[in-house]
Enquirer: 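Below: one structure in structure tokens.
Note that the structure is predicted; figures quoted are calculated from it, not measured.
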Amino acid sequence: MQTLDSTVKWFNKTEGRDKICKVMQYGSRFLMWHLKTNSGNEQLSNQFKNLFQSTRDARKLFRLAKSLNELQTIIDKVGQNCKTPQEQVARALNILTRVWFLLYWFYDNLSVLSTIKFTTSDPKPLQKKAMTFWFIAIITNLVDTIRQLVVNIQYIQQNKNNQTAQQQIVNKHVQNRTLYLNLIKIFGDLMPAGQGSEFFPKVLKINLNDGVIGLGGLVSGAVAAYQAY
């Protein structure tokens with residue numbers, strides 16, 4: 001019963017529902033590509049294509065006005081009192097990441113409103129801007145995550161023989177496990193963000209197919225769903 005209660009509470013969380021939809025969205029995208037490329041099953045591939053597009057647009061609608069969440073986070077971070085240079089760097093990176101995500105949500109919202117014909121704008125350039133800011137946000141988050149890992153690892157190495165720091169070392173190990181999961185999410189999200197922003201095809205001259213993009217998003221969504229649970 002306790003497991004059932006936890007599962008129900010998880011599904012009732014907006015974030016939990018979004019991550020399940022993300023797994024469906026990118027899982028469907030991967031299966032759409034796999035069935036068309038490797039199985040030749042055009043009909044089933046189209047069914048998964050429809051599921052992919054529907055869950056994608058549904059998630060976009062769920063995210064309307066999410067930029068307000070980022071704005072609140074930015075305001076809270078700006079008001080923080082940082083005592084050390086390390087804390088100042090951490091706050092600066094965190095604020096930068098939230099700014100890029102705010103712009104991502106903003107253009108993502110405009111894009112879906114254009115897609116459903118609520119506005120008359122062309123959704124394609126709006127979506128391109130959204131994906132570009134998402135890609136920048138992911139890169140900034142990657143830098144911050146690696147920074148946190150380095151700081152934690154250095155602390156563990158420097159204090160491994162310090163008996164008074166053992167509890168703090170345990171806490172750092174717990175934090176690192178979360179950070180390693182975050183790295184998996186980040187590299188998974190780089191696939192759709194890098195392709196959608198056109199960084200991969202135009203800068204790196206790499207054109208990812210739907211299979212790679214779908215797999216990346218699926219892994220990221222699965223890890224995020226696990227963390228939300």
Side-chain angles (χ1 to χ4, degrees), residues 3 6-63 66 97 100-101 104-105 107-109 111-112 115 123 127-128 130-142 144-146 177-201 204 206-229:
T3 302
S6 299
T7 303
V8 170
K9 287 179 182 178
W10 178 54
F11 272 109
N12 284 334
K13 293 178 182 177
T14 304
E15 194 68 16
R17 287 176 180 267
D18 177 69
K19 298 315 172 190
I20 288 298
C21 286
K22 183 174 183 177
V23 170
M24 291 175 60
Q25 174 190 345
Y26 285 104
S28 298
R29 188 168 186 174
F30 172 78
L31 289 172
M32 172 192 77
W33 168 84
H34 173 72
L35 289 166
K36 185 176 181 179
T37 305
N38 299 320
S39 301
N41 193 331
E42 193 79 25
Q43 181 179 352
L44 191 55
S45 174
N46 286 333
Q47 288 178 282
F48 278 108
K49 180 180 180 180
N50 292 335
L51 181 59
F52 154 60
Q53 292 174 338
S54 298
T55 50
R56 178 196 61 195
D57 293 341
R59 290 186 67 225
K60 287 177 180 290
L61 288 170
F62 284 141
R63 297 196 296 251
K66 194 168 182 179
T97 302
W100 301 135
F101 270 112
Y104 164 53
W105 301 130
Y107 283 107
D108 187 65
N109 293 166
S111 171
V112 72
T115 300
Q127 183 62 15
K128 166 77 163 28
M131 298 299 274
T132 299
F133 283 119
W134 187 27
F135 182 77
I136 297 172
I138 291 170
I139 295 299
T140 309
N141 194 25
L142 174 62
D144 190 31
T145 302
I146 293 173
R177 283 195 288 271
T178 300
L179 291 171
Y180 286 129
L181 287 175
N182 289 344
L183 280 178
I184 295 172
K185 283 194 306 182
I186 288 169
F187 284 113
D189 281 336
L190 274 175
M191 301 303 107
Q195 186 68 22
S197 65
E198 298 184 2
F199 178 82
F200 287 162
L204 300 183
I206 299 172
N207 200 25
L208 303 183
N209 59 43
D210 285 315
V212 174
I213 297 169
L215 188 60
L218 174 62
V219 169
S220 175
V223 172
Y226 166 76
Q227 289 180 315
Y229 187 81

Enquirer: On a heavy-atom basis, which atom in Lys22 and which in Asp189 lie closest, and how many Å separate them?
Expert: NZ-OD1, 2.8 Å
Enquirer: Yes or no on side chain to side chain contact (heavy atoms under 4.5 Å, CB included) for Thr140 and Leu142, after CA distance, side-chain angles and deciding distance?
Expert: CA-CA 5 Å; Thr140 309; Leu142 174 62; over 6 Å; no
Enquirer: For the CG atom of Leu44 and the NE2 atom of His34, what is their distance to the nearest 0.5 Å?
Expert: 10.0 Å
Enquirer: I'd like to know if the side chain of Ser197 pairs up with that of Lys128 as donor and acceptor (distance under 3.5 Å, no hydrogens or angles considered).
Expert: no
Enquirer: Does a donor on one side chain and an acceptor on the other come within less than 3.5 Å for Lys19 and Gln227?
Expert: no
Enquirer: To check you understand the geometry: which heavy-atom pair defines the closest contact between Tyr226 and Leu181, and what is its length?
Expert: CE2-CD1, 3.9 Å
Enquirer: When you compare the side chain of Lys66 with that of Tyr104, does any pair of heavy atoms fall below 4.5 Å?
Expert: no
Enquirer: Nearest heavy-atom pair of Leu31 and Phe48: which atoms, and what distance?
Expert: CD1-CE2, 3.5 Å
Enquirer: Flag the pair Phe30 / Asp210 as yes when at least one side-chain heavy-atom distance between them is below 4.5 Å, and no otherwise.
Expert: no
Enquirer: Does the side chain of Leu190 come within less than 4.5 Å of Ile139's, by heavy atoms?
Expert: yes
Enquirer: For a quick test of reading the model, state the closest non-hydrogen atom pair linking Val23 to Gly221 and the distance between them.
Expert: CG2-C, 3.5 Å
Enquirer: One pair to check against side chain to side chain contact (heavy atoms under 4.5 Å, CB included): Gln127 and Tyr107. What are the steps and the verdict?
Expert: CA-CA 7 Å; Gln127 183 62 15; Tyr107 283 107; over 6 Å; no
Enquirer: How would you list, by chain and number, every residue that makes a side chain to side chain donor-acceptor pair (under 3.5 Å) with Arg59, sequence neighbours excluded?
Expert: Asp18, Gln25
Enquirer: Would you sort out whether Ile138 and Trp100 count as a side chain to side chain contact (heavy atoms under 4.5 Å, CB included), showing the intermediate values?
Expert: CA-CA 9 Å; Ile138 291 170; Trp100 301 135; over 6 Å; no
Enquirer: Is Asn109 reaching over with its side chain to a backbone N or O of Trp105, donor-acceptor style, under 3.5 angstrom?
Expert: yes
Enquirer: Could you measure the distance from the CG atom of Asp144 to the CG atom of Asn182? Nearest 0.5 Å is fine.
Expert: 10.0 Å
Enquirer: Apply side chain to side chain contact (heavy atoms under 4.5 Å, CB included) to residues Met131 and Glu198 and explain how you reach the verdict.
Expert: CA-CA 9 Å; Met131 298 299 274; Glu198 298 184 2; over 6 Å; no
Enquirer: Nearest 0.5 Å please: distance from the CG atom of Leu218 over to the CE atom of Met24.
Expert: 12.0 Å
Enquirer: So how far is it from Asn141 CG to Leu183 CG, rounded to the nearest 0.5 Å?
Expert: 9.0 Å
Enquirer: With Asn207, which residues qualify under side chain to side chain donor-acceptor pair (under 3.5 Å), at least two apart?
Expert: Gln195
Enquirer: Return yes if some donor-acceptor pair links the side-chain N/O of Ser220 with the main-chain N/O of Gly216 below 3.5 Å, else return no.
Expert: no
Enquirer: Using 0.5 Å steps for rounding, measure from the CE atom of Met32 to the OG1 atom of Thr37.
Expert: 8.5 Å
Enquirer: Scan for side chain to side chain donor-acceptor pair (under 3.5 Å) pairs involving residues 40-56, sequence neighbours excluded, and state none if there are none.
Expert: none
Enquirer: Give the ring-plane orientation class for Phe200 versus Phe135, where under 30° counts as parallel, over 60° as perpendicular and anything between as tilted.
Expert: perpendicular
Enquirer: Would you compute the distance between atom CH2 of Trp33 and atom CG of Leu208 and round it to the nearest 0.5 angstrom?
Expert: 11.5 Å
Enquirer: Search all heavy atoms of Pro123 against all heavy atoms of Thr115 and return the closest pair with its distance.
Expert: CB-OG1, 3.6 Å
Enquirer: Mind listing the closest non-hydrogen atom pair of Gly217 and Pro192 along with its distance?
Expert: N-CD, 4.4 Å
